[in-house]
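These numbers come from the heavy atoms of this one structure, side chains and all, not from hydrogens, waters or symmetry mates.
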Amino acid sequence: MKILGIGNALLDVLIRLKSDDTLSGIGIKKGAMDLIDRQQMIAIQQAQASLERSEAPGGSVCNTIRALARLGADVGYIGKIGSDAAGSFYEKSVLEAGVTPFFVRTEGISGCSTVLISPDGERTMASFLGPAATLTANDITDDTLSRYDCVYIEGYLISNEALFLPILQRIHKLGVKIALDLSNFNIVNGFKDLLSEVIPRYVHILFSNESEAEAYTGLDARNAIREIAGQVAISVVTIGKEGALAGSGNEVIAVPATGGKAIDTTGAGDNFAAGFLYGQSAGASLEQSARIGALLAGHVIEVVGPQIPPERWEQIKIDARDILTPSR
């Protein structure tokens with residue numbers, strides 16, 4: 001199964017703060033996730049120019065697609081970036097990860113999520129969506145979509161009226177499977193009517209965490225998984241340190257969480273989705289796919305940031321093969 005991702009292409013800029021006074025100085029509440037404009041983004045980054053920082057291509061779907069590529073899957077990614085150095089860096093990084101890029105470029109500055117890390121490790125995020133939020137269905141060709149067996153989409157795109165519903169309809173018409181991640185319980189609460197319409201009609205695999213599943217169904221995770229499995233071919237609900245549930249028809253399986261002490265849970269859901277989709281691309285069972293998802297999530301929570309370090313991937317691939325081909 002070849003998988004294509006469509007998401008908000010945002011460069012992650014991680015900055016380690018020396019003091020929380022910086023946050024009050026720029027008017028952002030600690031721990032918040034705020035949308036900012038272009039001038040605010042430039043001002044924040046210039047003010048912190050002397051601090052330790054790192055950059056990586058971000059966005060939920062991009063994290064998943066890059067992890068899939070590391071596992072050896074045949075994957076592509078669609079996003080909209082600017083004509084600046086950040087856009088070039090983003091595209092180069094995606095390509096180097098083994099992903100086939102289908103970027104739409106526009107003049108100007110690329111989208112960016114500035115992650116301000118306090119001395120105690122808490123993260124405050126200020127996101128400038130930029131051109132990422134202006135991607136439309138017309139920017140994506142049927143030829144690109146039809147090259148793949150499954151298209152993976154993030155729920156954040158539901159606020160983009162020129163993209164979300166039109167692209168779901170076109171993908172469905174082409175006979176390509178759709179995997180959707182609900183992204184955030186606020187997204188579910190804000191767009192529940194539309195989600196209730198499109199999920200049973202277009203979605204093949206639905207990913208959610210416990211709070212998103214509850215917001216969508218009004219039920220706890222173990223009952224929500226059965227409710228959603230009645231609407232889609234495969235439903236996946238991650239439940240934090242308790243692991244994950246996966247359901248299809250009348251079958252529901254549970255897998256435990258893996259990994260050591262959680263240092264940072266950023267990207268856990270993105271990497272779980274990568275492992276699960278990889279399992280499905282290899283023809284694995286629900287349980288095998290969920291175990292590979294838990295394997296990746298267990299690795300990413302042990303490090304800071306949403307990316308698993310390069311040196312871990314060889315062992316991860318060995319462990320994934322062992323899950324797919326257990327000894328007799």
Should we count [atom1] of [X] as having more than 12 external heavy atoms under 6.0 Å?
X	atom1	result
Lys2	NZ	yes
Glu96	CD	yes
Lys173	NZ	no
Arg222	CZ	no

[X] side, atom [atom1]; [Y] side, atom [atom2] - distance, nearest 0.5 Å:
X	Y	atom1	atom2	answer
Ile308	Asn271	CD1	CG	4.0 Å
Ser113	Met125	OG	CE	3.5 Å
Ile228	Ile205	CD1	CD1	13.5 Å
Leu195	Ile187	CG	CD1	8.5 Å
Phe276	Ile292	CZ	CD1	10.0 Å
Thr258	Leu295	OG1	CG	5.5 Å

Step through it carefully: locate the ring centre of Phe103, locate the ring centre of Tyr90, and say whether they are under 6.0 Å apart.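 Ring centroids of Phe103 and Tyr90 are less than 6.0 Å from each other.
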
Centroid-centroid distance, Phe207 to Phe272, less than 6.0 Å
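Aromatic pair excluded; centres sit 6.0 Å or further apart.
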
Hey, is the main chain of [Y] close enough, under 3.5 Å, to the side chain of [X] for a donor-acceptor pair?
X	Y	result
Ser183	Gly155	yes
Asn189	Phe185	yes
Thr100	Gly76	no
Arg105	Gly82	yes
Asn160	Thr134	no
Thr64	Asp270	yes
Thr144	Ile140	no
Glu214	Leu219	no

For residues [X] and [Y], report the shortest heavy-atom separation together with the two atoms involved.
X	Y	value
Ala274	Leu68	O-CD2, 3.3 Å
Leu11	Ala86	CD2-CB, 3.8 Å
Val61	Gly5	CG1-CA, 3.6 Å

Are [X] and [Y] linked by a side-chain donor-acceptor pair shorter than 3.5 Å?
X	Y	value
Gln280	Ser289	yes
Asp220	Asn223	yes
Gln231	Tyr216	yes
Thr136	Asn138	no
Lys29	Thr124	no
Asp20	Ser118	yes

* side chain to side chain donor-acceptor pair (under 3.5 Å) contacts touching residues 305-316 (sequence neighbours left out) ->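 Sorted result for residues 305-316: Asn63-Gln307, Arg66-Gln307, His299-Arg312, Glu302-Arg312, Glu314-Lys317, Gln315-Asp319.
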
key: Lys177 and Asp149 ion-paired at < 4.0 Å   =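 Salt bridge between Lys177 and Asp149, a charged N being under 4.0 Å from a carboxylate O: no.
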
N-O pairing of Arg226 and Glu251 below 4.0 Å: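 Salt bridge flag = no for Glu251 with Arg226.
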
Quick one: do Tyr152 and Leu4 satisfy side chain to side chain contact (heavy atoms under 4.5 Å, CB included)? Show the steps, please.
CA-CA 6 Å; Tyr152 180 56; Leu4 175 68; over 6 Å; no

* Heavy-atom side-chain contact between Tyr77 and Leu95 under 4.5 Å ->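 The answer is no, as the side chains (C-beta and beyond) never meet within the 4.5 Å cut-off.
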
key: Audit row: Thr141, Asp143, side chain to side chain donor-acceptor pair (under 3.5 Å) steps and yes/no   = CA-CA 5 Å; Thr141 67; Asp143 178 65; 4.8 Å; no

